[in-house]
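All remarks here apply to the structure that follows.
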Amino acid sequence: LEEYREAASAFLLENRDAESSLGHFIRDHAENARVNDANLLLGKLYFRKNNYKEAVRTLQGIDAAGLGKAEKEELSFLMGYSSLKSGEPEKAMTYFRRISESNTVFYPQAKFYMAHIDYCIGNFDRALAAFDELKSDRRFRKVIPIYEMQIYNQLGDYQRVTEIGPSLIEEPETAGK
């Protein structure tokens, strides 16, 4: 359908009318097979704009059975992160758990956010195990020791706190670089 291609192109080109084009297509062609794709694009658009509640609302309208494996994992990540940012950590955890294979692009981020949720709810053993698994990932290298130090402090393991703490202090000549 020409309307879908125009709306999808507007999304890909990040045109200002992408949201309205996708919305019109979804409303006007509710029975069309491309509505699932349009909802995914619109959900991604809301996600990009940090409008997580709308992202969740839109992404929930997707029939996941009609998606490929990579798209399902992306949908699970978008729903998990959007749910977390919308104040629903339990719901977020459900979506993050669906991303189960460590060789997927979304696995490390999903694992990190699951560890963050575990940290927030006081499930320190599970959080520590997840953070330990992610230590070698450059995206999390600087933040994981902060979580670990806070967890060990909560657990009263001050020896571990004093082991981790000094590594977090930057030398004056490297600070801010």
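Residue L42 forms a side chain to side chain contact (heavy atoms under 4.5 Å, CB included) with just one option from L59, D37, T58, and that option is T58. Among the candidates K142, R160, K135, the single residue satisfying the salt bridge (Lys or Arg N to Asp or Glu O under 4.0 Å) test with E148 is K135.
The two residues F140 and Q109 come nearest to each other via the heavy atoms CZ-CA, 4.1 Å. For the residue pair L67 and L75, the shortest heavy atom distance occurs at CD1-CD2, 3.7 Å. The shortest non-hydrogen separation linking M114 to R97 is SD-N, 3.7 Å. Heavy atoms only, all atoms of each residue included: V161 and P166 are closest at O-CD, 4.5 Å. For the residue pair M149 and G165, the shortest heavy atom distance occurs at SD-CA, 3.4 Å. Between A55 and G43, the shortest heavy-atom contact is CB-O, 3.8 Å.
Distance CG/N39 to CD1/I62: 5.5 Å, rounded to 0.5 Å. Rounded to the nearest 0.5 angstrom, Y152 OH and L128 CG are separated by 4.5 Å. The CD atom of E54 sits 11.0 Å away from the CG atom of L45 when rounded to the nearest 0.5 Å. Here the CZ atom belonging to F131 is positioned 5.5 Å from the CD1 atom belonging to I151, to the nearest 0.5 angstrom. The distance from atom NZ of K53 to atom NZ of K85, rounded to the nearest 0.5 Å, is 12.0 Å. Between atom CD of residue E88 and atom CD1 of residue I117 there is a gap of 11.0 Å, rounded to the nearest 0.5 Å.
The backbone N or O of E90 lies less than 3.5 Å from a partner atom in the side chain of T94, making a donor-acceptor pair. Between the D63 side chain and the A65 main chain, a donor and an acceptor come within less than 3.5 Å of each other.
Y95 places none of its side-chain heavy atoms less than 4.5 Å from the side chain of F77. Between Q159 and T162, some side-chain heavy-atom pair lies under the 4.5 Å cut-off. In this structure the side chain of K111 never reaches within 4.5 angstrom of the side chain of D137, judged on heavy atoms. Using a 4.5 Å heavy-atom threshold, the side chains of Y4 and V35 count as separate.
Between Y52 and Y46, a ring centre-to-centre spacing not shorter than 6.0 Å is recorded.
Ring-plane geometry between F124 and Y119 is classed as tilted, the angle between the planes lying from 30 to 60 degrees on a 0 to 90 degree scale.
At a threshold of 4.5 Å between side-chain heavy atoms, the hydrophobic network of Ile, Leu, Val, Met, Phe, Trp and Tyr places I164 and L155 in one connected group. Linking ILVMFWY side-chain heavy atoms closer than 4.5 Å, directly or via other members, places I146 and I121 in two distinct hydrophobic clusters. By the criterion of side-chain heavy atoms lying less than 4.5 angstrom apart, applied directly or through intervening Ile, Leu, Val, Met, Phe, Trp or Tyr residues, L13 is not grouped with F47; the two fall into different hydrophobic clusters.
For the pair R98 and F106, the cation-pi criterion (under 6.0 Å, within 45° of the ring axis) is not fulfilled.
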Stepwise salt bridge (Lys or Arg N to Asp or Glu O under 4.0 Å) test for K44 and E74 = CA-CA 10 Å; K44 287 181 184 181; E74 181 180 23; 3.3 Å; yes
Worked verdict on K72 versus S76 for side chain to side chain contact (heavy atoms under 4.5 Å, CB included) = CA-CA 6 Å; K72 284 179 185 176; S76 290; 5.5 Å; no
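A salt bridge links R48 to E14: at least one charged side-chain nitrogen sits closer than 4.0 Å to a carboxylate oxygen. Here R34 does not pair with E3 in a salt bridge; the nearest charged N to carboxylate O distance is not below 4.0 Å.
Counting heavy-atom neighbours within 6.0 Å of E2 CD, excluding the residue itself, gives a total above 12.
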